[in-house]
Amino acid sequence: MQLQVKTILNAIQHFPGFVYEDIRLERQRDGQPRHIEIVILPHASIPAKCSRCLQSAPGYDQLPPRTWLFVPLWGMVTWFVYAARRVKCPEHGVVVEHVPWSDGKRPVTLAMMGFLSRWARRLSWRETARAFGTSWECVYRSVEWFVVWGLAHRKLDGVQSIGVDEIHWGRSQGADRFLTVIYQIDGHCRRLLWVGKRRTEKTLQRGLAALGAEVVGGLRFVCSDMWRPYLNVIRERAGQALHVLDRFHITMHLNQAVDQVRRAESGRLRATASAQATRLKDMRWKLLRRGSRVRGAARAQLNALAASKLATARAWILKETFQPFWRYRSVTWAGYFLKVWTERALRSRLEPMQKVARMLRNHEALLLNWFRAKGGLSSGAVEGLNNKIRVVTRRSYGFRTYHAMEIALYHTLGRLPEPEESAHKFC
Ligand SMILES: [Zn+2]
């Protein structure tokens with residue numbers, strides 16, 4: 001049995017210069033297995049290496065044995081036990097030797113950090129910790145190590161299109177509860193490139209600086225919302241790229257306006273105890289979905305509402321009549337449509353709809369860039385990534401800090417390269 005475990009270990013993770021000496025099963029008082037210890041010794045004829053320059057160096061002394069958490073075997077917590085040597089490097093003096101399964105002072109082996117990180121993509125961090133007999137903190141630190149490695153080794157060449165988006169997380173509305181995120185939205189690669197706290201000009205400047213001048217200078221398309229600080233920074237820093245206001249954000253503004261009209265009207269009707277108040281009740285999601293996607297009984301309700309004289313009905317119809325805008329091919333005709341639609345909205349006497357119309361008029365040029373970019377940009381990319389981010393940030397009630405959530409976002413959406421030392425074979 002012992003021989004077999006050693007054979008397996010040597011086959012999947014052999015460290016030159018070290019040998020698996022002994023494998024011990026530690027038991028509880030009642031005889032139940034408690035954990036496994038894998039004792040490692042230095043190879044008798046291979047000298048230790050300096051941990052700073054990785055050159056062989058003469059031995060100096062030996063430190064007391066310490067443990068590193070290894071991948072669980074048969075569901076049992078497993079430790080590496082090793083007494084590291086110190087070497088006298090001609091260049092770096094007396095330093096601890098290079099220990100290939102470890103990264104600095106971390107108490108967890110690289111293999112285990114990789115193992116936990118990969119599982120943490122499929123399970124929540126809490127579930128991962130529970131499944132493998134370790135702590136939330138240990139999973140967090142492992143994922144963090146994995147992400148830091150991935151960010152340092154990822155390649156950013158070939159980024160042509162980015163989307164700039166804002167995300168709200170947590171419950172409060174404080175400025176720190178908004179995040180600015182930058183996605184790559186090219187057809188061949190969609191991923192999270194950067195995330196930062198707040199949504200100011202400074203935030204986006206930091207984000208673009210993090211991508212580097214070369215990446216920003218090579219951008220062909222930038223997609224964003226009409227948020228003023230973003231518009232300013234994009235104009236200033238990525239002037240060569242075609243800046244497009246994307247469909248997803250504009251639909252969001254239209255939906256918010258319809259919802260504002262509905263809430264205000266609902267309040268007024270309730271005050272007069274009108275029968276129509278009940279009609280507006282529970283209509284929220286039907287009003288906010290794309291009209292063509294509402295079917296059956298919900299459709300009938302929506303039709304009845306549309307036939308009424310309610311302000312909500314007029315707002316909803318305005319929203320729906322904006323949809324054909326996205327189907328134009330010619331910039332000129334799209335521009336004409338926009339003019340007609342906004343005129344109608346401005347005459348509607350619905351303040352939230354008028355507000356959207358004014359906003360669209362003010363950003364007409366950027367809005368029409370959508371048609372100039374036709375074919376170069378995918379309409380669903382920003383929305384898709386935005387939805388995925390929301391899934392992670394919602395889970396974030398379990399994250400204690402912003403930093404932990406940031407790590408989780410890069411981990412799940414960054415498509416980061418993975419360190420080889422954290423062998424795949426264990427997962
Ligand atoms: Zn050295």
Side-chain angles (χ1 to χ4, degrees), residues 5-24 36-71 77-118 134 137-157 210 212 214 403 407 410-411 414 416-427:
V5 176
K6 271 198 224 173
T7 312
I8 295 167
L9 284 169
N10 276 315
I12 57 180
Q13 194 161 41
H14 169 68
F15 298 109
F18 300 86
V19 290
Y20 295 111
E21 167 64 16
D22 192 14
I23 290 146
R24 295 196 294 246
I36 295 173
E37 286 182 359
I38 298 172
V39 181
I40 299 173
L41 288 181
H43 193 288
S45 56
I46 301 177
K49 288 178 177 140
C50 163
S51 55
R52 293 180 59 190
C53 60
L54 302 185
Q55 299 300 312
S56 297
Y60 180 77
D61 65 355
Q62 193 164 33
L63 300 171
R66 53 166 281 212
T67 57
W68 288 262
L69 188 64
F70 187 58
V71 179
V77 173
T78 301
W79 301 94
F80 274 5
V81 183
Y82 179 66
R85 295 163 287 178
R86 289 200 296 176
V87 295
K88 198 165 186 187
C89 174
E91 203 183 327
H92 301 105
V94 175
V95 290
V96 181
E97 68 171 317
H98 170 62
V99 180
W101 57 82
S102 162
D103 181 20
K105 289 199 162 62
R106 287 169 191 269
V108 184
T109 59
L110 299 176
M112 180 59 162
M113 289 199 284
F115 179 85
L116 291 174
S117 298
R118 290 192 182 94
T134 178
E137 185 74 17
C138 178
V139 176
Y140 168 33
R141 293 298 165 203
S142 300
V143 175
E144 184 186 40
W145 167 81
F146 208 67
V147 164
V148 168
W149 192 96
L151 286 175
H153 292 83
R154 72 175 171 179
K155 297 214 159 37
L156 290 179
D157 45 332
E214 204 175 316
H403 183 63
I407 293 293
Y410 282 122
H411 187 50
L416 298 174
E418 301 184 349
E420 262 174 47
E421 307 93 299
S422 61
H424 278 280
K425 296 157 192 159
F426 295 105
C427 300

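In each ligand, atom 1 is the first atom listed, and ligand 1 is the first ligand listed.
Applying the salt bridge (charged side-chain N to carboxylate O under 4.0 Å, His left out) rule to pairs touching residues 80-90 yields Asp61-Arg86, Arg85-Glu97, sequence neighbours excluded.
For the Zn ion (ligand 1), the count of nearby protein N/O/S atoms, taking only those under 2.8 Å, is 4.
Atom OH of Tyr60 sits in a sparse spot, with 12 or fewer heavy atoms from other residues, nucleotides or ligands closer than 6.0 Å.
Using bins of under 30°, 30° to 60° and over 60° for the plane-to-plane angle, the ring pair Trp101/Trp68 lands in the perpendicular bin.
Tyr20 is linked by a ring pair (Phe, Tyr, Trp, His ring centres under 6.0 Å) to nothing, counting only residues two or more places apart in sequence or in another chain. Remark: Arg52 engages no residue in a salt bridge (charged side-chain N to carboxylate O under 4.0 Å, His left out) (not counting sequence neighbours).
Residues Gln55 and Cys89 have side chains not in contact (no heavy-atom distance under 4.5 Å, counting atoms from C-beta outward).
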